[in-house]
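In what follows, a single structure is set out as structure tokens and then discussed.
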Amino acid sequence: MAKGEFKTKYKNYINNNMVFDKKTWVAIVLLLFVSMAVLGFIIEINFYHINSIVRDGKNMWFWRGNAFGPWINIYGISSVFIFILCYNLRKKPWLVAIISGVVLSIIELLTGMAIYYMGNGRREWNYNEEIWTLGSIGGFLCGRNIIAFTFAGPMVIYVVVPVIMWLARKINRKIFLSVAYVLGAICIVDMFYNDILHTLFPQLTKAGEYYKSKGVNFVKFTQRDKAFWKLK
């Protein structure tokens with residue numbers, strides 16, 4: 001694609017609403033969900049690898065997330081939230097960045113608190129025990145992530161979504177829909193099984209339990225440590 005043609009198409013994306021049928025819109029959202037969930041997994045396994053080297057002096061890799069597949073649900077869910085909130089605001093990058101920083105920070109803070117207080121002090125992450133945090137709020141949210149969240153929204157709206165929409169127009173419609181729906185279904189079923197079904201039926205084998213039985217490493221966080229108020 002020529003540079004001039006790229007600029008024209010990008011300006012068209014910014015200034016005009018893209019026209020797709022309902023099935024294609026659903027496919028776009030599903031691919032956004034899956035792609036960002038996978039990207040989150042890649043970010044996490046690499047960060048905790050670096051964290052183990054810098055903080056503990058150990059060259060170790062860790063599996064992250066609660067699913068069998070290489071994806072982390074909070075990344076996918078958050079990206080869909082940002083798409084819904086900010087797609088129609090794409091002419092104002094500064095507003096997209098602010099909304100992204102605020103909304104994603106609130107999501108992470110409330111999710112961390114819910115896991116902690118409803119799970120009797122259980123932590124899936126703990127920023128009191130990590131490098132480069134730039135400050136921590138109860139171990140649930142840190143300054144590093146607030147900055148990252150501020151850039152995440154623009155990345156979703158101005159990079160990931162346009163690429164997926166370009167693919168929706170370039171690829172055969174049946175192939176595009178099939179790939180999006182199949183990947184989305186696999187990812188959502190995996191997460192539903194591990195996050196909901198396992199809670200209702202504890203006898204089911206969870207992804208983390210299975211991988212631990214195979215000798216896969218998981219990050220160990222301090223549990224029941226001090227947060228905002230005491231546990232019962």
Side-chain angles (χ1 to χ4, degrees), residues 32-33 35-66 70-87 89-90 92-161 195 217-231:
L32 172 64
F33 177 84
S35 62
M36 294 305 292
V38 171
L39 178 61
F41 176 83
I42 294 171
I43 290 171
E44 295 254 337
I45 62 172
N46 281 281
F47 172 79
Y48 282 102
H49 175 62
I50 296 171
N51 188 74
S52 72
I53 294 173
V54 175
R55 185 174 182 270
D56 304 317
K58 298 178 180 179
N59 186 14
M60 296 182 66
W61 292 92
F62 303 91
W63 184 270
R64 289 294 293 157
N66 296 317
W71 35 58
I72 300 178
N73 57 4
I74 193 170
Y75 284 85
I77 293 169
S78 297
S79 67
V80 173
F81 266 111
I82 293 303
F83 174 70
I84 293 171
L85 291 173
C86 297
Y87 176 69
L89 300 173
R90 60 193 181 281
K92 300 177 180 179
W94 60 272
L95 187 55
V96 171
I98 291 173
I99 291 175
S100 174
V102 172
V103 170
L104 295 184
S105 295
I106 291 173
I107 289 175
E108 180 167 66
L109 178 62
L110 294 182
T111 301
M113 291 176 63
I115 293 171
Y116 182 86
Y117 288 107
M118 294 175 66
N120 194 30
R122 182 168 67 92
R123 286 189 185 268
E124 294 292 339
W125 62 87
N126 190 345
Y127 296 126
N128 294 324
E129 303 176 351
E130 292 183 8
I131 60 173
W132 310 331
T133 58
L134 303 178
S136 171
I137 302 175
F140 307 121
L141 177 65
C142 69
R144 178 193 72 224
N145 278 18
I146 293 174
I147 295 171
F149 294 154
T150 302
F151 287 97
M155 184 187 74
V156 166
I157 298 300
Y158 303 113
V159 179
V160 181
V161 171
D195 294 333
N217 295 317
F218 283 80
V219 184
K220 295 180 180 179
F221 300 108
T222 301
Q223 306 294 311
R224 293 185 61 84
D225 59 336
K226 184 178 180 181
F228 296 132
W229 56 82
K230 293 182 180 180
L231 292 165

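These figures come from a predicted structure and were not determined experimentally. FYI, the numbering just counts along the sequence from 1.
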Could you give me the CA-CA distance, side-chain angles and deciding distance for Trp125 and Ile115, then say whether side-chain contact (heavy atoms from CB on, under 4.5 Å) is met? CA-CA 10 Å; Trp125 62 87; Ile115 293 171; 4.2 Å; yes
Gap between atom CD1 of Ile137 and atom SG of Cys142 - 0.5 Å precision: 9.0 Å
Polar side-chain atom of Asn145 near backbone of Leu141 as donor-acceptor pair, under 3.5 Å: no
Locate the shortest heavy-atom distance separating Ile99 from Cys86; write the atom from each residue and the value. CG2-SG, 3.7 Å
Does Arg64 make a cation-pi contact with Phe62, if we ask for NZ or CZ under 6.0 Å from the ring centre and within 45° of the axis? no
May I have the step-by-step check of side-chain contact (heavy atoms from CB on, under 4.5 Å) for Ser100 and Thr150, ending in yes or no? CA-CA 5 Å; Ser100 174; Thr150 302; 5.9 Å; no
Heavy-atom side-chain proximity of Asn217 to Tyr48 below 4.5 angstrom: no
Set out, in order, the CA-CA distance, both residues' side-chain angles and the distance that settles side-chain contact (heavy atoms from CB on, under 4.5 Å) for Met155 and Met36, then state yes or no. CA-CA 11 Å; Met155 184 187 74; Met36 294 305 292; 3.4 Å; yes
Is it true that atom CZ of Phe151 has more than 12 heavy atoms of other residues, nucleotides or ligands lying nearer than 6.0 Å? no
I want to check something: taking the side chain as every heavy atom from C-beta on, are Trp63 and Val219 in contact at a cut-off of under 4.5 Å? no
Is any side-chain heavy atom of Val38 closer than 4.5 Å to a side-chain heavy atom of Tyr75? no
Spatial distance of atom CD1 (Ile107) from atom CD1 (Ile77) [nearest 0.5 Å]: 8.5 Å
Flag side-chain contact, heavy atom, 4.5 Å: Val160 against Phe83: no
Can you measure from CD1 (Ile131) to OG (Ser52) and round to the nearest 0.5 angstrom? 9.0 Å
Indicate the atoms forming the closest heavy-atom contact of Ile146 with Ser105, along with that distance. CG1-OG, 3.5 Å
Would you give the length of the straight line joining atom CG of Leu109 to atom CE of Met113, rounded to the nearest 0.5 angstrom? 5.5 Å
With a 4.5 Å limit on heavy-atom distance, are the side chains of Trp132 and Phe47 in contact? yes
Any Met60 side-chain heavy atom under 4.5 Å of Ile53 side chain: no
Test log, rule side-chain contact (heavy atoms from CB on, under 4.5 Å), inputs Asn128 and Lys226: CA-CA 10 Å; Asn128 294 324; Lys226 184 178 180 181; over 6 Å; no
Can you name the residues that form a ring-ring contact (aromatic ring centres under 6.0 Å, His included) with Phe149, not counting sequence neighbours? none
Do the charged groups of Glu130 and Arg144 touch, with an N to O distance under 4.0 Å? yes
Residues Glu108 and Tyr127: side-chain donor-acceptor under 3.5 angstrom: yes
Measure the CD1-CG distance between Ile157 and Leu95 for me, rounded to the nearest 0.5 Å. 11.0 Å
Do Trp229 and Tyr117 come within less than 4.5 Å of each other through their side chains, counting heavy atoms only? yes
Row check, Phe140 ring normal vs Arg123 NZ/CZ: under 6.0 Å, within 45°: yes
CD1 of Ile82 to CG of Leu89: how many Å apart, nearest 0.5 Å? 10.5 Å
Check whether any side-chain heavy atom of Asp225 lies under 4.5 Å from a side-chain heavy atom of Thr222, and answer yes or no. yes
